[in-house]
Amino acid sequence: MNKQELWDNFGRTFRDFDLESGIYKAPGRVNLIGEHTDYNDGFVMPMAIEKEITMLAQLRPDRKVKFYSLDYDQMVEYNLDSLEYDEENIWANYIMGVIDEIQKLGSSLQGFNLMFTGNIPQGSGLSSSAALEVVTAMTVVDLHKIKIDGIEMALLAQRAENNFVGVQCGIMDQYISRLGQKGHALLIDCRTNDYQLVPFKDENYQIVICNSRVERGLVDSKYNERRSECEQAVEFFAEKEASEITALRDLDLETVEKYKDELAENVYKRAHHVVSENARVIESQKALEADELKKFGDLMYASHKSLSEDYEVSCEELDILVSLAAEAGVEGARMTGAGFGGCTVNLVKKDRTEQFIKIIKEKYKKETDIDAEVYISNPAAGARKI
Ligand code: GLA
């Protein structure tokens, strides 16, 4: 639907109050490398993708908020003074969480109507929920003329997910959805929240995303379990080595190895993954800047191995997708996002992309009886008003 068609639809859905209105977009993301490092104060390197959520909204003269999901064809209504978790319409909680956080800043809001639609596959690790949070934040803040910078907005959207939705995610997804830039990945330092642009210089390569179509069932409980294992590791190292150690970011591999026998096996493996993954992100930045795509690809495969064996967040289907990529001679492949299903990200030579997709579809179907979905995306722009 183009902009006009969307506004027509909005006009049929809601009465016009002749008040401030606007249309906004926020993208999903794929993480190129740096997995499960964000909540360890580490490094990540995601890019925004060419799949996004579009939101239209208009202020109302009262305290009501009405949300219409065009894709679900569902309408919900709440009052700004009594926002509560909605057990039935789960999607509405991402929106309410953001409104709640904006209200916590002390901003006094007025009611509004909003409608949204998107094409980010849900439950597949491409951050459709972060995109919904970020586009809501853009919308509400802009309609009320509240000033808030990009990083603050990403942090606010993250708090919405932590506090209202109840998932203890890190900052990566909301950050890249808000601040992504066309033609670039972002190297984000999740301790300082600074970023550097990492250009995709090489015209010969393409990012290809393969969706295992395995729903990430256990993801929330396992995610929180991994977080607490990392905290255990930090406590251990702070006591043994130096109290300045406040996150796995502060360790090197040598120190991790030194205590291998004293640590519980799972805690050692989690620390080993995070510390080695941080180093791989920095290596990847260098490789991409030097246009050494082959090297970057090797780091992607190494990341997958570490996620699968040390961090234990892969699953059979993701491992199959990565093996098939390796067999097909693809430069790099790894699971992306939280894991336990979802997608792999692949670095593929442009002239071999078609062949690769054909192989993946055929062989994955044969091995798992599932039809994989494949998306090609260039690094896209972050959230914006259109
Ligand atoms: C999810 C979280 C992110 C990050 C990744 C794993 O996408 O929302 O904050 O922790 O998992 O890298």
Side-chain angles (χ1 to χ4, degrees), residues 26-49 51 93-94 97-98 120-134 151 154-180 185-191 193 195 209 211-212 215-231 247-249 270 273-278 280-281 284 299-300 303-304 306-308 310-315 318 334-345:
R29 65 101 187 89
V30 66
N31 187 18
L32 298 183
I33 197 157
E35 218 63 82
H36 289 277
T37 44
D38 61 350
Y39 54 83
N40 288 300
D41 276 7
F43 302 101
V44 293
M45 200 198 283
M47 64 176 223
I49 56 174
K51 289 190 179 293
N93 295 310
Y94 298 97
V98 169
I120 309 168
Q122 289 171 30
S124 57
L126 299 177
S127 294
S128 59
S129 42
L132 183 53
E133 288 154 1
V134 169
I151 293 176
L155 289 165
L156 182 143
Q158 179 198 17
R159 288 199 299 279
E161 179 133 359
N162 293 167
N163 299 333
F164 205 92
V165 181
V167 178
Q168 295 311 307
C169 64
I171 185 59
M172 169 168 69
D173 307 343
Q174 291 80 6
Y175 195 115
I176 188 69
S177 179
R178 176 63 188 82
L179 290 150
L186 259 52
L187 177 97
I188 307 169
D189 178 333
C190 300
R191 171 165 274 169
N193 289 328
Y195 72 88
I209 300 162
N211 188 348
S212 68
E215 288 269 338
R216 306 166 311 143
L218 284 171
V219 70
D220 292 349
S221 62
K222 287 285 176 196
Y223 189 89
N224 290 341
E225 188 183 297
R226 291 295 175 277
R227 282 195 77 136
S228 99
E229 288 169 322
C230 291
E231 280 158 22
L248 289 179
R249 155 77 172 270
R270 307 309 179 237
H273 164 72
V274 173
V275 174
S276 63
E277 183 80 350
N278 273 331
R280 280 188 289 271
V281 180
S284 298
L299 290 160
M300 291 172 81
S303 167
H304 185 78
S306 178
L307 284 159
S308 179
D310 279 348
Y311 217 65
E312 297 179 279
V313 289
S314 184
C315 64
L318 289 171
R334 56 183 287 279
M335 56 153 272
T336 184
F340 302 105
C343 295
T344 62
V345 55

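Just so you know, ligand 1 is whichever comes first in the structure, and atom 1 is the first atom listed for that ligand.
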ask   = Hey, is the main chain of Asn193 close enough, under 3.5 Å, to the side chain of Tyr175 for a donor-acceptor pair?
value = yes
inquiry  = Please report whether ligand 1 has a polar contact with Tyr223, defined as an N or O pair separated by less than 3.5 Å (distance criterion only).
reply    = yes
Top protein contact for atom 7 (O) of ligand 1, by heavy-atom distance = Asp173 OD2, 2.8 Å
task = Using modelled atom types only, decide if a donor and an acceptor are shared between the side chain of Asp38 and the backbone of Met172 within a distance under 3.5 Å.
result = yes
inquiry  = Between ligand 1 and Gly337, is the shortest N or O to N or O distance under 3.5 Å?
reply    = no
query = So, Arg270 side chain and Asp310 main chain: donor-acceptor pair closer than 3.5 Å or not?
reply = yes
key: Atoms of ligand 1 close to Gly170 [distance to a heavy atom under 4.0 angstrom, numbered from 1]   = 9 (O)
task = Among all protein heavy atoms, pick out the one at the shortest distance from atom 3 (C) of ligand 1; state its residue, atom name and that distance to 0.1 Å.
result = Asp38 OD2, 3.3 Å
query = Which residues pass the ring-ring contact (aromatic ring centres under 6.0 Å, His included) test with His273, sequence neighbours left out?
reply = Tyr311
ask   = Going by the order shown, which atoms of ligand 1 are within less than 4.0 Å of some heavy atom of Ala338?
value = 1 (C), 11 (O)
message = Quick check against the 3.5 Å criterion: does Asn162 have a side-chain atom that pairs as donor or acceptor with the backbone of Val167?
response = yes
ask   = atom 5 (C) of ligand 1: which protein heavy atom is closest, and how many Å away?
value = Met172 CE, 3.8 Å
Side-chain H-bond candidate by donor/acceptor type, Arg280 with Ser276, under 3.5 Å = yes
ask   = Does any N or O atom in Glu35 lie less than 3.5 angstrom from one in ligand 1, N or O only?
value = yes
Under 4.0 Å to a heavy atom of Tyr39 - the qualifying atoms of ligand 1, by number = 10 (O)
task = Could you tell me whether the side chains of Arg334 and Ser303 share a donor-acceptor contact shorter than 3.5 Å?
result = yes
request  = Give yes or no for whether the N/O distance cutoff of 3.5 Å, strictly under, is met between Thr37 and ligand 1.
outcome  = no
Check: Gly34 main-chain N/O paired with Glu277 side-chain donor or acceptor under 3.5 Å = yes
message = One residue to check: Arg29. Relative to ligand 1, which of side chain, backbone, both or neither has a non-hydrogen atom less than 4.0 Å away?
response = side chain
